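These numbers come from a predicted model, not from an experiment.
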Amino acid sequence: ESILSIFLVIMPFLNFIIANSEILYFGYYVELFKLFIFCGLIILSILYFIHVILSKKFSIKLNTVIFFKISLVFAITFHYQHLVFFLQKLNISYVNPNYLSFILIVGFAVYIIFNNKKKFLDFFKIFISIIFIFTCLQLLVTFYSTNSKKYAPQINNFNMSDYQKNSQQNIYYIIVDAATNMSQFKKFYDLNDDYFSNFINQLNDYQILDNTFSTGKKTSVSLYSVFQLEFNKEFYNINDHQLYPNALRKEISSNLNLFKLLKQKNYNFSWVTNNFINCSLVDFEKCHIKKKEFLNFYLATQFLQQSFVYDVIHKIKPDFYGKSWYKKNDAIKNFIKNFDIKKIENNNNFIFIHHMMPHEPFVYNKKCNYKYFKTSLDNLEKYKEGYFNSYNCMLRRILEFDEYIKKYDPDAHVLIQGDHGINFSSTNFESNIINKNLTIYKINENCIRKDEKIDNSNVEMLKFILKCNFNE
């Protein structure tokens with residue numbers, strides 16, 4: 001009973017690892033272990049509380065059988081989403097699947113705790129033993145399949161001689177996640193041609209392009225291509241452990257062409273991340289803002305989403321998650337807020353800011369105040385409203401960043417890009433509309449980009465900025 005109880009407690013963590021094996025690595029396992037300890041302490045507290053109640057009210061003593069029952073309830077709780085999905089498939093229209101799932105789990109928990117029939121308990125012990133064996137086998141198969149997948153091909157045709165000068169200008173590379181270009185944005189919302197005129201006039205030192213495209217339809221491939229300074233179709237087939245953001249781990253990033261170039265030029269790389277991509281879990285030394293959390297909020301919420309705890313917290317405090325996203329996803333604001341002139345005064349910095357706008361979750365209105373748009377592509381109009389507000393907030397943040405640049409780092413090179421665009425059609429994801437991305441850049445006057453028809457991919461645009469910096 002004790003061994004099975006321990007397995008039941010760790011089973012939700014094992015299932016989470018199996019489901020997310022391709023994106024997990026050492027940093028995440030450390031966070032999962034901390035989360036396991038945290039949950040363990042909560043379970044022990046609950047057990048003590050139950051022990052007090054049972055012993056006083058029902059004269060039942062806490063023993064291995066009770067511990068087994070509590071552990072079983074804990075494990076079943078983390079199958080809440082599976083139960084919700086099953087009930088949704090049944091199309092039960094007269095009751096909310098979430099509420100029904102919650103009631104079923106609570107009812108089952110009460111039944112288990114007060115049912116002392118030996119045959120009942122023996123059945124669950126045999127059943128759990130079988131699940132234990134299959135989970136262990138699945139874990140082994142998952143690790144084998146993950147580690148046997150194709151690894152990133154080496155890019156050997158990158159020419160370092162194209163970057164000859166040892167320049168002393170800072171480079172700011174800002175990703176505005178899922179930002180389509182301005183022409184496509186105006187088409188989406190049927191806007192006037194002069195909709196962006198005020199924004200463009202304020203950014204008079206910048207070039208804004210409408211003919212650029214991203215090399216990938218998803219962030220992991222698009223940004224891996226950027227850091228490799230080359231695109232290869234094979235990137236879509238390789239192990240996710242090798243793609244962005246995992247590619248920025250120390251042992252992998254040293255093989256990326258951008259990092260080889262920055263090392264050769266004695267440039268420092270620093271990274272400002274968001275709620276969904278945390279640099280401290282990838283490579284803490286790369287973090288521009290060096291702050292560690294006791295528990296990683298994103299990983300904890302992803303784990304809790306398996307249970308009804310996530311929904312209960314959201315019901316009690318609707319803004320609990322939204323307010324965290326609001327603060328952590330605003331990477332440009334966080335960079336400006338934590339700005340330290342000493343970090344950039346040597347003018348040999350490549351600063352990468354991953355700004356989680358206008359990508360969902362949509363928690364910003366046009367003026368960048370908090371407003372949570374709970375959306376999905378099932379409600380297209382609401383989704384488009386959230387994207388519209390987030391896009392306009394992104395433009396506001398870009399203007400604020402420009403003010404900072406003019407004041408503290410006027411000679412810096414700046415490239416602002418969407419890692420990809422957006423396609424509001426949930427049935428036509430392969431459309432090239434999603435490759436149309438926003439591109440805004442600022443370079444020194446003596447660096448000229450020829451107006452001929454050349455490759456305008458996100459990769460080539462960054463290479464152009466690097467050439468301006470190192471060849472001007």
Practice task
Go through the side-chain N and O atoms of Ser183 and Asn181 and say whether any donor and acceptor fall under 3.5 Å apart.
Solution key: no
Handout entry: Check: Tyr189 ring centroid to Tyr391 ring centroid under 6.0 Å
Key = no
Practice task
List for me each residue that meets salt bridge (Lys or Arg N to Asp or Glu O under 4.0 Å) alongside Glu381, sequence neighbours excluded, and say none if there are none.
Solution key: none
Exercise for the section: Decide whether a cation-pi geometry holds between Lys186 and Phe196; the criteria are a distance under 6.0 Å from NZ or CZ to the six-membered ring centre and an angle within 45° of the ring axis. Expected result: no
Practice task
Would you give the length of the straight line joining atom OG1 of Thr301 to atom CZ of Phe276, rounded to the nearest 0.5 angstrom?
Solution key: 7.5 Å
Exercise for the section: Verify the neighbour count for atom NZ of Lys366: are there more than 12 heavy atoms of other residues, nucleotides or ligands below 6.0 Å? Expected result: no
Handout entry: Centroid-centroid under 6.0 Å between Tyr244 and His354 rings
Key = yes
Exercise for the section: Please check if the distance between the ring centroids of Phe373 and Tyr364 is under 6.0 Å. Expected result: no
Completion exercise
From the list Tyr173, Tyr404, Trp271, ring pair (Phe, Tyr, Trp, His ring centres under 6.0 Å) with Phe335 holds only for Tyr404
Exercise for the section: Before giving the answer on side-chain contact (heavy atoms from CB on, under 4.5 Å), spell out for Tyr387 and Thr180 the whole-Å C-alpha distance, their side-chain angles and the decisive distance to 0.1 Å. Expected result: CA-CA 11 Å; Tyr387 185 83; Thr180 191; 3.6 Å; yes
Practice task
Start with the C-alpha distance between His288 and Ser270, add both sets of side-chain angles, then the distance that settles side-chain hydrogen bond (donor to acceptor under 3.5 Å, both in side chains), and finish with yes or no.
Solution key: CA-CA 5 Å; His288 188 83; Ser270 62; 3.0 Å; yes
Exercise for the section: Mind telling me whether Tyr408 and Phe339 have parallel, tilted or perpendicular rings, with 30° and 60° as the class edges? Expected result: tilted
Practice task
Kindly say whether Met357 contributes a backbone atom to a donor-acceptor pair with the side chain of Asp177 at under 3.5 angstrom?
Solution key: no
Exercise for the section: State plainly whether the residues Glu460 and Lys467 are in salt-bridge range, i.e. N to O under 4.0 Å. Expected result: no
Handout entry: ring pair (Phe, Tyr, Trp, His ring centres under 6.0 Å) involving Phe188 - partner list, sequence neighbours excluded
Key = Phe424
Problem - Reported CD-to-CG distance for the pair Gln417 and Leu209, which is rounded to 0.5 angstrom - result: 9.5 Å
Exercise for the section: Give a yes-or-no answer on whether the side chains of Ser222 and Asn458 include a donor-acceptor pair shorter than 3.5 Å. Expected result: yes
Exercise for the section: Determine, for Glu400 against Arg397, whether the closest basic-nitrogen to carboxylate-oxygen distance falls under 4.0 angstrom. Expected result: yes
Handout entry: Thr439: which of Asn211, Asn456, Ile416, Thr212 passes side chain to side chain contact (heavy atoms under 4.5 Å, CB included)
Key = Thr212
Exercise for the section: Please list all pairs passing the disulfide (SG to SG under 2.5 Å) test where one or both residues lie in residues 295-372, with sequence neighbours left out. Expected result: Cys368-Cys393
Practice task
For the pair Trp325 and Tyr372, name the ring-plane relationship: parallel under 30°, tilted 30 to 60°, perpendicular over 60°.
Solution key: perpendicular
Exercise for the section: Measure from the ring center of Tyr310 to the ring center of Tyr80 and say whether it is less than 6.0 Å. Expected result: no
Practice task
Answer yes or no: are there more than 12 heavy-atom neighbours, outside Lys328 itself, under 6.0 Å from its atom NZ?
Solution key: yes
Practice task
Return yes when atom CZ of Phe284 has more than 12 non-hydrogen atoms of other residues, nucleotides or ligands closer than 6.0 Å, and no otherwise.
Solution key: yes
Completion exercise
dist Leu438:CG -> Leu395:CG (nearest 0.5 Å) comes out at 7.5 Å
Exercise for the section: Spell out, as yes or no, whether a donor-acceptor pair under 3.5 Å connects the side chain of Asn278 to the backbone of Ser280. Expected result: yes
Exercise for the section: Start with the C-alpha distance between Thr219 and Asp419, add both sets of side-chain angles, then the distance that settles side-chain hydrogen bond (donor to acceptor under 3.5 Å, both in side chains), and finish with yes or no. Expected result: CA-CA 6 Å; Thr219 301; Asp419 54 338; 2.5 Å; yes
